[in-house]
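Lettering follows sequence order; numbering is per chain, from 1.
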There are 2 protein chains.
Amino acid sequence: MDRMNTEPPPVGLRERKKRAMRARLSDIALRLALERGVSQVRIEDIASEADVSPRTFNNYFSSKEAAIVGGATIRAEDFCGILKKMPAELSLHDALRATAIELFTEEPDRDWIARARLIRSEPSLFAEAAKADRSIERTIATEIGHRTGNDPTSHFTPRLAAAVTIAAMHVAVEFWLDSGNVPLREIVGQIMAKFHVEDIAPAEDRKDYHLAPSDRGTP
Amino acid sequence: MDRMNTEPPPVGLRERKKRAMRARLSDIALRLALERGVSQVRIEDIASEADVSPRTFNNYFSSKEAAIVGGATIRAEDFCGILKKMPAELSLHDALRATAIELFTEEPDRDWIARARLIRSEPSLFAEAAKADRSIERTIATEIGHRTGNDPTSHFTPRLAAAVTIAAMHVAVEFWLDSGNVPLREIVGQIMAKFHVEDIAPAEDRKDYHLAPSDRGTP
DNA sequence: GCATTTATTTGCCGAACCAGCAAGATTGCT
DNA sequence: AGCAATCTTGCTGGTTCGGCAAATAAATGC
């Protein structure tokens, strides 16, 4: 009866608790890492601050590095969401540039900045972040392929566009971290204007890599 | 007197043994990982095959992942060496493209291919490789800065050029691994032609931060 | 040569990581 | 309230990885 509205649509209370715990562990991990340095943080420390057992921590994250980085691992959908809304008239590169800029319209908050700096200063964190980036790149490549009407499996253009875009955003963030108080979106805009990825030319399709029908068995 | 030629210039016997051991451990690690899968290889296994103690393994590599990936970590100097020799008349992008192509003139051997595949299939290895790539990227960025006559610290162009070039080479390799028997250098050439990084324009130095007069015209 | 210095190998150790397992506690649904 | 699904937790064992110091090997000096 009156329960109809109270239904747990995508978010049951259980799911929310789970996400909250994940976020909390991630926050604590980040804070401790900033205070003491990554190597001086033990899983036990994080767990005890969160009032859970160390074992529980490992149910959420497979390493402290994953916890520290993990909070920032939601961007791929954002990017794709924005890209999807870009008018079809735009060239691929213009669309990507606009997307990247829009992704950073609001300036990052303190935590995001601190995390970004930390990731770039600690190789173990950088490695962890790279793992995440890999799947992000694939997601974006798929979306680009969707937009340009071809499949990342048989054409490299989507993959290339995704890879260079991500690389450019990384450079932008890194440069921004080192520079003064210029808005990040400015730098992103400038950097995305400093290079150019070609949209796929329908003519030079799969002809030049004669790998069309066969191959592509096991990657 | 006659000692002048016999001096141990870069290579003492000690140094050679060291490198040989490093290479041997790396080879064994790779082979075992290919045979059993990375997670089924223990440090002890590698060490015992190499007839050294496990402790010694850790003197050479800080993890088995590092050992597996480590063999392929010499490329930066190669790239820079080739880039240095590129005629100054070439635009930056042309130079980078030519460098990338030359870097892959000889087709990779079996081991290289196997390692490349493995790295791309195992996240832990991919992460390790990413760590290495980071310093490679910096080295290349410095070299590019040297060529274009500006400092990666105060300008983002060298960093951007390095980052997108590396990203492109990765895409090329990955695509090549999945595709038939097209020469790798072909794919590298095609991919490097699908995008373009601008050489730095001496005019738009650091001034244009935060004024970006509708970005320089892109044709 | 032989002694000295310098670098490497090794064993021993301990702190820490991390996943499987099964019991106990929570939550969701009816 | 009762039942099923899920989450938490302690326990555990295998593994990692670096510090330390003694033994061993290589390079240097005399």
Pairs under 3.5 angstrom, nitrogen or oxygen only, protein versus nucleotides 6-8 of chain D, please.
from  : atom 1 : to      : atom 2 : distance (Å)
D:dT6 : O2     : A:Arg14 : NH2    : 3.3
D:dC7 : OP1    : A:Lys18 : NZ     : 3.0
D:dT8 : OP1    : A:Tyr60 : OH     : 3.1
D:dT8 : OP2    : A:Tyr60 : OH     : 3.2

Fill in: Nearest-Å distance for atom pair CZ/P, residues B:Arg16 and C:dT8
15 Å
Worksheet entry | Five-pair end axes of the helix from C:dG1-D:dC30 to C:dT30-D:dA1 and the angle they enclose, rounded to 10° | 30°
Worksheet entry | side chain to side chain contact (heavy atoms under 4.5 Å, CB included) partner of B:Val41, the single match among B:Ile68, B:Ile46, B:Leu34 | B:Ile46
Could you run down the sub-3.5 Å N/O contacts of the protein with nucleotides 18-21 of chain D?
from   : atom 1 : to      : atom 2 : distance (Å)
D:dG19 : N7     : B:Arg55 : NH2    : 2.9
D:dG19 : O6     : B:Arg55 : NE     : 2.6

Fill in: Nucleotide D:dT9, atom P - distance to CG of A:Leu25 in whole Å
10 Å
Item to complete: Can you tell me the distance, in whole Å, between the CD1 atom of B:Ile46 and the C1' atom of D:dT16?
Response: 12 Å
Item to complete: For the residue pair A:Phe156 and B:Gln190, establish whether any side-chain heavy-atom pair is separated by less than 4.5 Å.
Response: yes
Practice prompt. Flag the pair A:Met169 / A:Phe104 as yes when at least one side-chain heavy-atom distance between them is below 4.5 Å, and no otherwise.
Written response: yes
Practice prompt. First locate atom CG of A:Asn150, then atom OG1 of A:Thr148, and finally report the distance between them rounded to the nearest 0.5 Å.
Written response: 3.5 Å
Worksheet item: Are B:Lys17 and C:dT8 close enough that a side-chain N or O sits under 4.0 Å from OP1 or OP2?
Response: no
Worksheet item: Do A:Arg120 and A:Phe126 meet the cation-pi criteria used here (NZ or CZ under 6.0 Å from the six-membered ring centre, within 45° of the axis)?
Response: no
Response to the item:
Contacts satisfying side chain to side chain donor-acceptor pair (under 3.5 Å) that involve residues 40-54 of chain B (not counting sequence neighbours) are B:Arg31-B:Glu49, B:Arg36-B:Asp45, B:Arg42-B:Asp45, B:Ser53-B:Thr56
Worksheet item: Quick one: do B:Glu174 and A:Arg134 make a salt bridge, cutoff under 4.0 Å?
Response: yes
Worksheet item: Among all residues two or more places apart in sequence or in another chain, which pass the side-chain hydrogen bond (donor to acceptor under 3.5 Å, both in side chains) test with A:Arg22?
Response: none
Worksheet item: Rounded to whole angstrom units, what separation is found between the NZ atom of B:Lys64 and the P atom of C:dC18?
Response: 12 Å
Fill in: Ring centre gap for B:His93 and B:Phe195 strictly below 6.0 Å
yes
Worksheet item: Rounding to a whole Å, what distance do you find between B:Asp45:CG and D:dG14:P?
Response: 15 Å
Discussion item. Distance check, rounded to the nearest 0.5 Å: B:Asp109 atom CG versus B:Ile113 atom CD1?
Written reply: 7.0 Å
Response to the item:
Taken to the nearest 0.5 Å, the spacing of A:Arg55 CZ from A:Ile43 CD1 works out to 10.0 Å
Fill in: Side chain proximity check, A:Arg115 to A:Ser26, heavy atoms < 4.5 angstrom
yes
Item to complete: Using a strict cut-off of less than 4.0 Å between a Lys/Arg side-chain nitrogen and an Asp/Glu carboxylate oxygen, indicate whether A:Lys131 and A:Glu128 qualify as a salt bridge.
Response: yes
Practice prompt. Using heavy atoms and a sub-4.0 Å distance, could you list which residues of residues 27-42 of chain B are near DNA chain C? By number, please.
Written response: none
